[in-house]
Protein chains: 2
Amino acid sequence: MKNLNLFRFVPFRMNRLAAEISAALSVEYRDRYGLDIPEWRVIATLGFRETPCTAQFVSESTHTHKSTISRAVSTLIERGIVERVENKVDRREYSLRLTREGRRLYLSLIPRLKRREAEILSCLTEAELRQFELLLGKLESGLSLPTGNAPAASVARSDAVAKDQARG
Amino acid sequence: MKNLNLFRFVPFRMNRLAAEISAALSVEYRDRYGLDIPEWRVIATLGFRETPCTAQFVSESTHTHKSTISRAVSTLIERGIVERVENKVDRREYSLRLTREGRRLYLSLIPRLKRREAEILSCLTEAELRQFELLLGKLESGLSLPTGNAPAASVARSDAVAKDQARG
DNA sequence: GTCTGATAGTTTCACTTGCAACTATCTTAG
DNA sequence: CTAAGATAGTTGCAAGTGAAACTATCAGAC
């Protein structure tokens, strides 16, 4: 077939689905808390990890441009949601962590977002959902996206790893 | 669990995957043909359908804002890829269709994009791929996105349908 | 016929974002 | 030590995009 049915074209479908799902979720973090997606990603990353982490870690693990993360962090600091912790060893970088208020916001946001996610996925059975998540994981691995399964170093220090590999 | 693992959060994963897939595909339509996503969507919609259709149809079926489609169409007309056909009955709207050159571009783009899509999906088995497409379809239906299965009227005239339903 | 409201498409404006250039800091070679 | 290059993060700028205002046209009420 020489034609291409856009409705059967996976890249288009993924784009559209992602946009639609984002829109559904933004009701929670944007309308309710005045957060945009990059800001939410910073909060989610810091909130989930127990240890503080750098802007670069957030940028790489969420696959978001570092300038976008930089601006999101600035806003969150102004709002008292995130704070910088100076790194005495390397003063170029800062560790980021949620403030007490930031953590409160994070904890109140989580159940809302999970509920939205469940709503969106409610058209799938339990088995279908597990299958879907499995397939997403395969695609992520195939595209070399961080999955959270790999050792933290592979995200936090991808450049260093690359250098090591080049040396070895 | 009070925490939320971003790497297990489907909305985030969909967003990231869609962005990554788009980036992989853009090599073909952007680097090679100087097209952006909205322009490609217009071409794909006009190319697939045998009958000319309006800007609004493209906008609704691809779920892209009408001003974005308007700008894409303008560019494509300037480039001689798309042409407007005046509608004698309703002069507010135009039918759009690919020019001869536009169709040539479309036909040369299709195999490239299909090859890219196949590459991206090559980490899935045949059965997994079928399953994945099935699940995407379920999610699309669940979110009321056009799937190409419904009668064309439901996309071309969604407002009219809504009005009818409200009346009935 | 005119008036009102709806609709297709365009344009203006404000905002977001990615790229590239920049600053400050660190590391390595000599 | 200094010089050169790499790196973390910031910022200026240009391009893209959505919302809303706008233009032109149509449909219906009267």
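Only this structure's heavy atoms are used, side chains among them; waters, hydrogens and symmetry mates stay out. Within every chain, numbering begins at 1; the chains are lettered A, B, ... in the order of the sequence lines, protein sequences first and strands thereafter. Predicted model, so just to flag it, every value in this text is computed and none were measured.
Place Ser67(A) and Asn87(B) on DNA chain D by their nearest nucleotides, and Ser67(A) ends up nearer the 5' end. Nearest-nucleotide mapping onto DNA chain C: of Thr54(B) and Thr68(A), the residue sitting toward the 5' end is Thr54(B).
Distances shown here put a side-chain N or O of Arg91(B) below 4.0 Å from the OP1 or OP2 atom of dT25(D).
In this model, no side-chain donor or acceptor of Arg84(A) finds a partner on the base of dT10(D) within 3.5 Å. Taking 3.5 Å as the limit, the base of dG9(D) and the side chain of Arg71(A) contain no donor-acceptor pair of atoms between them.
Note that Arg49(B) lies in the cation-pi zone of Phe57(B), set by a 6.0 Å cut-off to the ring centre and a 45° limit from the axis.
Judged by distance alone, the side chain of Ser59(A) and the main-chain N or O of Thr64(A) form a donor-acceptor pair under 3.5 Å.
With rounding to whole Å, Glu93(A) atom CD is found 9 Å from dT7(D) atom C1'. Whole-Å rounding puts the Glu60(A) CD to dG18(C) C1' distance at 17 Å. The CD1-C1' distance, from Ile37(A) to dC15(C), rounds to 14 Å in whole Å. Distance Lys88(B) NZ to dC26(D) C1': 17 Å, rounded to the nearest Å.
Of the listed nucleotides (dT17(D), dA19(D), dG9(C)), dG9(C) has the atom at the smallest distance from the side chain of Gln56(B). Candidate nucleotides dC26(D), dG18(C), dT17(C) were compared by shortest atom distance to the side chain of Asp36(A), and dT17(C) ranks first.
The local environment of CZ in Arg116(A) is crowded, with over 12 non-hydrogen atoms from other residues, nucleotides or ligands closer than 6.0 Å. Residue Phe132(B) qualifies as enclosed at atom CZ: its count of foreign heavy atoms under 6.0 Å is above 12.
At a threshold of 4.0 angstrom between heavy atoms, the contacts of Val89(B) are confined to the sugar-phosphate backbone, with no base atom among them.
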